[in-house]
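Reading through the structure tokens given below for one structure.
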Number of protein chains: 2
Amino acid sequence: MAKPLRKDAQRNRDLLVAAARELFAERGLDVPLEEIARCAGVSIGTLYNRFPGRADLIDAVFADRVAATRVLAEEALDMPDAWDGLVRFLTGVCEMQAADLGYNALASERGPYAAASEEAVAEGYALMRRIVARAQESGTLRPDVTLEDMVFVVWGHARTVEATAAIAPRLWRRHLALLLDGLRTPEPSPLPEPPLSPEQARRAMSP
Amino acid sequence: MAKPLRKDAQRNRDLLVAAARELFAERGLDVPLEEIARCAGVSIGTLYNRFPGRADLIDAVFADRVAATRVLAEEALDMPDAWDGLVRFLTGVCEMQAADLGYNALASERGPYAAASEEAVAEGYALMRRIVARAQESGTLRPDVTLEDMVFVVWGHARTVEATAAIAPRLWRRHLALLLDGLRTPEPSPLPEPPLSPEQARRAMSP
DNA sequence: GGGGAAGTTGAGGGTGCCCTCAAGTAGGTA
DNA sequence: TACCTACTTGAGGGCACCCTCAACTTCCCC
């Protein structure tokens, strides 16, 4: 546990996180740090005192979203119908993506920020793996897709979510429905290539 | 028709386009112009003489790909089976995306370069609309998707193509198959939102 | 082959962002 | 109140890229 900050320092920290949360949500993860500082009414030097790099600020801003994603996954696992659980989880993730450009980027962009709190990500993956497995065991999710497939599918979908968020904020529901129809069991065609291993997927997403 | 370039100028122009083609393919559309000039063995000033801005260079580099896409679409329309034609077209586009990061970005990124030769894009859309309509008339493509849906689907898919091109260059075939299963008619679930109008789609893709 | 138009060059100014650090300020403890 | 430490400040150096322009070189036509 780190020693507590001085009162003014803590206040500034909170202001910074709040400003960053707002700007990240509106404009993505690439907002200039100087703008965040200005928007928080604090100097750029203070920002660097509190957060050595952009990634630390991102960690602080999105800690609650990571937690929310976890809760979402647990709720999905608690739903009586496995397919409903899967749909619920994907819908929830897309909702957050549509509401927050920063979250979208974090959940979908390959790049330097994916590192945010390694073990939280690992936990999230473990939960998602259970959601997928459960849906497959129930016979509703086609048996030949893997978690890695799902991640890429969502990843691609994120771009649509982002592009249409401003113009038709609910359109992603349409595309998600389209996508889910491809994941259902009824008459899947054989898939032409083997899936990615978890390790390969990891490498593909953080170059 | 513009007046012909002097011999050396034409040679330099060709060198620049060749260098740009290579660098765009390897590293995307954001390569520094100075690097392109250096790689062509020409000064940055010459590059600016020949191409006032990055977009002009992009136009020159990808003119043939735009033409190739058009040919692909026409071939698809000539295939006896409408569904095969659709698959053929989508596969061809993904192949080009996987082989060339620049083409991928051009076909998928929203941003300042989408403008490349307006009327060529319009023609391409018209052809794609026919491919979609034909597949729907044949009863194989679900009737409730529109061209605009397809564009976004491909658009999202492009991100997967790009991410996995280096690690598993054929993986996109797997994801395309998944996607096509969602587009087939058999048991489509009702889509929850109305599609985008062409105008809305245009706005969504070039902010 | 000579003159002028066409083309080339690359240093340099502009911009936007990153990050640092020496000097100044304000909390908190005695 | 006084002092020490934690904290803040913002000008400024660094970097990467964009783009320009005055001086120089090359081509091409007469």
Side-chain angles (χ1 to χ4, degrees), chain A residues 1-20 22-24 26-61 101-102 105 109 111-116 207, chain B residues 1-20 22-24 26-61 101-102 105 109 111-116 207:
Chain A
M1 187 69 189
K3 54 200 71 172
L5 289 171
R6 226 171 63 182
K7 195 174 51 179
D8 56 340
Q10 182 63 50
R11 199 184 54 91
N12 284 339
R13 205 196 111 100
D14 294 345
L15 287 171
L16 279 167
V17 170
E22 185 156 340
L23 289 173
F24 285 159
E26 271 170 26
R27 296 175 29 207
L29 260 20
D30 288 329
V31 198
L33 295 178
E34 308 193 292
E35 190 168 349
I36 294 175
R38 185 163 7 103
C39 172
V42 138
S43 100
I44 179 66
T46 298
L47 189 154
Y48 276 97
N49 276 350
R50 218 43 64 216
F51 304 99
R54 183 182 295 269
D56 305 275
L57 187 51
I58 290 174
D59 269 4
V61 166
L101 240 128
E109 208 138 294
Y113 312 127
Chain B
M1 187 69 189
K3 55 200 70 171
L5 290 171
R6 228 170 63 179
K7 194 175 50 178
D8 56 340
Q10 181 63 51
R11 199 183 55 90
N12 284 341
R13 205 196 111 101
D14 294 345
L15 286 172
L16 280 166
V17 170
E22 186 155 341
L23 289 173
F24 285 158
E26 269 170 30
R27 297 175 28 206
L29 260 21
D30 288 328
V31 197
L33 295 178
E34 308 193 293
E35 190 168 347
I36 294 174
R38 184 161 10 100
C39 172
V42 139
S43 100
I44 179 65
T46 298
L47 189 154
Y48 276 96
N49 275 351
R50 217 44 64 217
F51 304 100
R54 184 182 294 269
D56 305 275
L57 187 51
I58 290 174
D59 270 4
V61 166
L101 238 120
E109 208 139 294
Y113 312 127

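The sequence lines fix the lettering, A, B, ..., with proteins before strands; numbering per chain opens at 1.
Distance CG (A/N49) to C1' (C/dA22): 13 Å, rounded to an integer number of Å. Atom CG in A/D56 sits roughly 14 Å away from atom P in C/dC18 (whole-Å rounding). At whole-Å resolution of the value, NZ in B/K7 and C1' in C/dT8 are 16 Å apart. Here C/dT20 presents its P atom at 16 Å from CZ of A/F51, a figure rounded to the nearest Å. B/L47 has its CG atom 14 Å from the C1' atom of C/dG10, to the nearest Å. Between A/L57 atom CG and C/dC18 atom C1' there is a gap of 14 Å when expressed in whole angstrom units. Nucleotide C/dC17 holds its P atom 15 Å from the CG atom of A/L29, rounded to whole Å. Counting to the nearest Å, the P atom of D/dT8 and the CZ atom of A/R38 are 19 Å from each other.
A/A60 approaches A/V17 most closely through the heavy-atom pair CB-CG2, 4.1 Å. A pairwise comparison of heavy atoms in B/A105 and B/L29 identifies CB-CD2, 3.7 Å as the closest pair.
No engagement by B/R11 is indicated, since no non-hydrogen atom pair under 4.0 Å with the nucleic acid exists. Using a 4.0 Å heavy-atom cutoff across all strands shown, B/I44 reaches at least one base atom of the nucleic acid.
The phosphate of C/dT9 (OP1 or OP2) has a side-chain N or O of B/T46 nearer than 4.0 angstrom. Contact between the side-chain N/O atoms of A/N12 and the OP1/OP2 oxygens of D/dT8 is found at a separation under 4.0 Å. Contact annotation: A/S43 side-chain N/O to D/dG10 OP1/OP2 distance is not under 4.0 Å.
With DNA chain D read from its 5' end, the first of the two nearest nucleotides for B/E35 and B/L5 is the one closest to B/E35. Projected onto DNA chain C by closest heavy-atom contact, B/G45 and B/R6 fall at different nucleotides, the more 5' of which corresponds to B/R6. With the nearest nucleotide of DNA chain C identified for both A/V31 and B/R50, B/R50 has the one nearer the 5' end. Nearest-nucleotide assignment on DNA chain D puts the 5′-proximal partner with A/R13, out of A/R13 and B/P52.
In this structure, A/R54 contributes its side chain and A/V31 its backbone to a donor-acceptor pair below 3.5 Å. Although no hydrogens or angles enter the test, the distance criterion places a donor-acceptor pair under 3.5 Å between the side chain of A/D56 and the main chain of A/G53.
Between A/T46 and A/S43, the closest side-chain pair of non-hydrogen atoms falls below 4.5 Å.
Between B/R27 and B/E35 a salt bridge is recorded (basic side-chain N to carboxylate O distance below 4.0 Å).
Here the side chain of B/E34 is nearest to one of C/dT8, D/dC18, C/dC19, namely D/dC18. With C/dC18, D/dT9, C/dG27 as the choices, the nucleotide that has an atom nearest any side-chain atom of A/L33 turns out to be C/dC18. For B/D8, whose side chain is taken as the heavy atoms from C-beta onward, the closest listed nucleotide among D/dT5, D/dC19, D/dT26 is D/dT26. Nearest nucleotide to the side chain of B/Y48, out of C/dA5, D/dC19, C/dT8: D/dC19. Considering only the side chain of A/P32, C/dC17 comes nearest among C/dT8, D/dC7, C/dC17. With distances taken from any side-chain atom of B/R54 to the nucleotides D/dT5, D/dC18, C/dT8, the minimum falls on D/dC18.
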